[in-house]
**Q** 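The structure follows.
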There are 2 protein chains.
Amino acid sequence: MVCQVRDGTLQVLLWRRARAPHAGNWSLPVGPVGLAETLEEAVARHLATKVDVRDLAHLEQLGTWSAVGRVPGRRVLATSYLGLVPTTSDPDTPHDTSWHRADDLPAMAFDHGDVVAYALGRVRAKLAYTNIGFALAPEEFTMAELSKLYAATLGRPVSVTNLQRVLVRRDVLEATGGFAASGSAGGRPAARYRFRRHTLEVTDAFPVLRPRGPATAGPRQPGAAPRS
Amino acid sequence: MVCQVRDGTLQVLLWRRARAPHAGNWSLPVGPVGLAETLEEAVARHLATKVDVRDLAHLEQLGTWSAVGRVPGRRVLATSYLGLVPTTSDPDTPHDTSWHRADDLPAMAFDHGDVVAYALGRVRAKLAYTNIGFALAPEEFTMAELSKLYAATLGRPVSVTNLQRVLVRRDVLEATGGFAASGSAGGRPAARYRFRRHTLEVTDAFPVLRPRGPATAGPRQPGAAPRS
DNA sequence: TCAAAAGTGTTCGGCCTACACCCATGC
DNA sequence: GCATGGGTGTAGGCCGAACACTTTTGA
């Protein structure tokens, strides 16, 4: 399942099926695995050739669906993946595919509705305890822009102030030193930030039942303050 | 991958392969999926018939491994599962299978070492934010016993005091009203507890970036997506 | 000088750890 | 009594949410 923040909302790329079963219904992009490729390679291949998605900033496996009747007529196991595309990418999708708002999805073919619901839950959860935002955001951004991106993904407003503090304290973001120009209405220019790393990391593992670490061991010490 | 707390340590059930490839090496119990069964049904079937594991208190999918050369000679995709067995169960395992301490595992066939490492990480993580302990613990227990179980799984000591407070606050445990007998050395009798629910629940979804709920909303509600 | 937008200081509350202290039992 | 083990009270720390306040710009 490929998703991207477009026009201020989280959207999912769907494909309208041409043939039976479920002809005319929306489904996720799918395809078979070759004998000489991994699942990840197969996913990347199908996405690139079928829907022109070549800028996957993150790809992770969700799970394998195996209900016996999930595809009528024959036995098909399907392993689903979550792919994230940054806002700066705009694939040249074919006519039978289009983006759909995550909060307004159509009925879907097979068990793809379950897959999408699971995937959306996972992205939203991971925003809270990993640096997964790197895969949705552009290379550089202001905190206001990042807040809008998070809000679009989560489906609710996100405080700019607290977002900045949390992500900087966790060392997920760093200031680039650059500033965005003020708008025509004036206002203080916004500092530009970037994600420190562009591979998925758990930045805040759940802390319960762990003994309190020695005060010196904490890599919790922040870097330099974002002002210079 | 089946695991259980035995003799105060977390152990994994392994099977010694008789034939090539990897003859003589330890591997996880495996088996093919039938055309008319789900993956979960296939796992339960193989575990029951091959290694007499019939008391799976919890079974969850881990992921699908697809490296091209993972099985020499032919293409095999494998979907791995995590199965948990409570301490009260003692399967009658055949001669070619045996339990191995999680902290002292042998070299393993195929990519099974990776699977085991991944599974152990998942169990340990989920102890912190779900009620997954129900699948390892007996029906009733004292807090001292549960603490030993957690310690065995996590590989480090767990404070009885704080474990009790955390799990009761989250409404994961409830007192049965019964008491364990004091030992011969005396001491106050320990209250007996049980897990309130015996299906996996996220009891403490990661709270970051969420607006503060209305104070009247009571204890935290579950329902967020699983984190993994 | 004022409005607008960004960033910081500070308070508040929740939750978890640690540790001291109280309770119940057998000898 | 007193040792032994279980349970509770309480203090301290960390972290995040909320919000007021300061900073920096354009008109």
Side-chain angles (χ1 to χ4, degrees), chain A residues 127-129 141-148 150 154 156-173 175 177-193 203-222 224-228, chain B residues 127-129 141-148 150 156-173 175 177-193 203-220:
Chain A
L127 273 184
Y129 66 93
F141 44 81
T142 68
M143 286 310 306
E145 290 162 2
L146 190 66
S147 163
K148 288 201 188 84
Y150 271 62
L154 295 171
R156 54 178 171 70
V158 172
S159 152
V160 182
T161 296
N162 294 327
L163 183 66
Q164 193 262 4
R165 232 186 297 240
V166 167
L167 295 186
V168 168
R169 173 172 24 211
R170 292 186 187 163
D171 211 31
V172 169
L173 294 187
F179 291 87
S182 298
S184 65
R188 178 171 169 175
R192 294 167 71 82
Y193 290 83
T203 57
D204 209 356
F206 205 86
V208 168
L209 299 179
R210 237 169 283 270
R212 208 185 300 267
T216 59
R220 280 239 183 242
Q221 270 314 91
R227 161 187 257 317
S228 60
Chain B
L127 274 184
Y129 66 92
F141 42 82
T142 66
M143 286 310 306
E145 291 161 2
L146 190 66
S147 164
K148 288 201 188 83
Y150 272 61
R156 54 177 172 72
V158 172
S159 151
V160 183
T161 297
N162 294 327
L163 182 66
Q164 193 262 6
R165 231 186 298 242
V166 167
L167 295 185
V168 168
R169 174 175 27 213
R170 292 187 187 163
D171 211 32
V172 169
L173 294 186
F179 291 87
S182 298
S184 64
R188 178 170 168 175
R192 293 166 70 83
Y193 290 83
T203 56
D204 211 357
F206 204 87
V208 168
L209 299 179
R210 237 168 284 270
R212 191 166 300 185
T216 59
R220 311 179 174 211

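By convention in this document, chain letters (A, B, ...) are assigned in the order of the sequence lines, proteins followed by strands, and residues within each chain are numbered from 1.
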**Q** Can you check whether B:Arg192's main-chain N or O pairs, donor with acceptor, with B:Thr142's side chain at less than 3.5 Å?
**A** no
**Q** Of the nucleotides D:dC19, C:dC15, D:dG7, which one has an atom closest to the side chain of B:Tyr193?
**A**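 So the side chain of B:Tyr193 is nearest to D:dG7.
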**Q** Expressed in angstrom and rounded to an integer, what is the separation of A:Leu163 atom CG from D:dC19 atom C1'?
**A** 17 Å
**Q** Would you indicate, yes or no, if D:dT10 has its OP1 or OP2 atom less than 4.0 angstrom from a side-chain nitrogen or oxygen of B:Arg165?
**A**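 False: B:Arg165 side-chain N/O out of range (4.0 Å or more) of D:dT10 OP1/OP2.
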**Q** Would you indicate which nucleotide in C:dC16, D:dT24, D:dA18 comes nearest to any side-chain atom of B:Arg170?
**A** C:dC16
**Q** With A:Val160, which residues qualify under side chain to side chain contact (heavy atoms under 4.5 Å, CB included), at least two apart?
**A**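 Scan of A:Val160 (side chain to side chain contact (heavy atoms under 4.5 Å, CB included), adjacent residues dropped) gives A:Met143, A:Ser147.
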**Q** How far does the helix from C:dT1-D:dA27 to C:dC27-D:dG1 bend, going by the axes of its first and last five pairs, to the nearest 10°?
**A** 20°
**Q** Rounded to whole angstrom units, what separation is found between the CG atom of A:Asn162 and the P atom of C:dT8?
**A**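 The answer, rounded to whole Å, is 13 Å.
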**Q** Which pairs pass side chain to side chain donor-acceptor pair (under 3.5 Å) with one or both residues in residues 159-168 of chain B, sequence neighbours excluded?
**A**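 Found B:Ser159-B:Asn162, B:Gln164-B:Tyr193.
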**Q** Using heavy-atom distances to pick each residue's nearest nucleotide on DNA chain C, tell me which of A:Val208 and A:Thr161 is more 5'.
**A** A:Thr161
**Q** Calculate the interatomic distance between A:Phe141 atom CZ and C:dA6 atom C1'; express it in whole Å.
**A**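 Atom CZ in A:Phe141 sits about 16 Å away from atom C1' in C:dA6.
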**Q** Which heavy-atom pair separates A:Arg156 from B:Pro211 by the least distance, and what is that distance?
**A** NH1-CD, 3.6 Å
**Q** Just the rounded figure in Å: distance from C1' of C:dG7 to CG of A:Leu173.
**A** 14 Å
**Q** In terms of side-chain heavy atoms of A:Val166, which of D:dA17, C:dA18, C:dA24 is nearest?
**A**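 Per side-chain heavy atoms of A:Val166, the pick is D:dA17.
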**Q** Do you know which two heavy atoms are closest between B:Pro189 and B:Ser182, and how far apart they sit?
**A**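 Scanning both residues, the minimum pair turns out to be N-OG, 3.7 Å.
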**Q** Taking side chain to side chain contact (heavy atoms under 4.5 Å, CB included) as the definition, give me every residue that meets it alongside B:Leu209, ordered by chain and number, with sequence neighbours left out.
**A**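 For B:Leu209 the side chain to side chain contact (heavy atoms under 4.5 Å, CB included) partners, ignoring immediate neighbours, are A:Tyr150, A:Leu163.
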**Q** Take atom CE of B:Met143 and atom C1' of D:dT8, then tell me their distance rounded to the nearest Å.
**A** 14 Å
**Q** Grab the N/O contacts between the protein and nucleotides 2-5 of chain C below 3.5 Å, and write none if there aren't any.
**A**
residue, atom, partner, partner atom, Å
C:dA5, N3, A:Arg188, N, 3.4

**Q** Taking the six-membered ring for Trp, are A:Phe206 and B:Phe206 parallel (under 30°), tilted (30 to 60°) or perpendicular (over 60°)?
**A**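 Perpendicular: the ring planes of A:Phe206 and B:Phe206 meet at over 60°.
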**Q** Check step by step if side chain to side chain contact (heavy atoms under 4.5 Å, CB included) holds for A:Leu146 and A:Leu173.
**A** CA-CA 11 Å; A:Leu146 190 66; A:Leu173 294 187; 3.8 Å; yes
**Q** Please list, chain by chain and in numerical order, all residues satisfying side chain to side chain contact (heavy atoms under 4.5 Å, CB included) with B:Arg188, sequence neighbours excluded.
**A** none
**Q** For B:Phe179 and C:dT25, what is the distance between atoms CZ and C1' respectively, to the nearest whole Å?
**A**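 The answer, rounded to whole Å, is 12 Å.
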**Q** Starting at CZ of A:Arg192 and ending at P of C:dA6, how long is that distance when rounded to a whole Å?
**A** 13 Å
**Q** Just how far, in rounded Å, is C1' of D:dG16 from CG of B:Asp204?
**A** 14 Å
**Q** For the side chain of B:Ala191, starting at C-beta, report the closest nucleotide among D:dG7, C:dC15, D:dG16.
**A**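 When the side chain of B:Ala191 is considered, D:dG7 is the closest of D:dG7, C:dC15, D:dG16.
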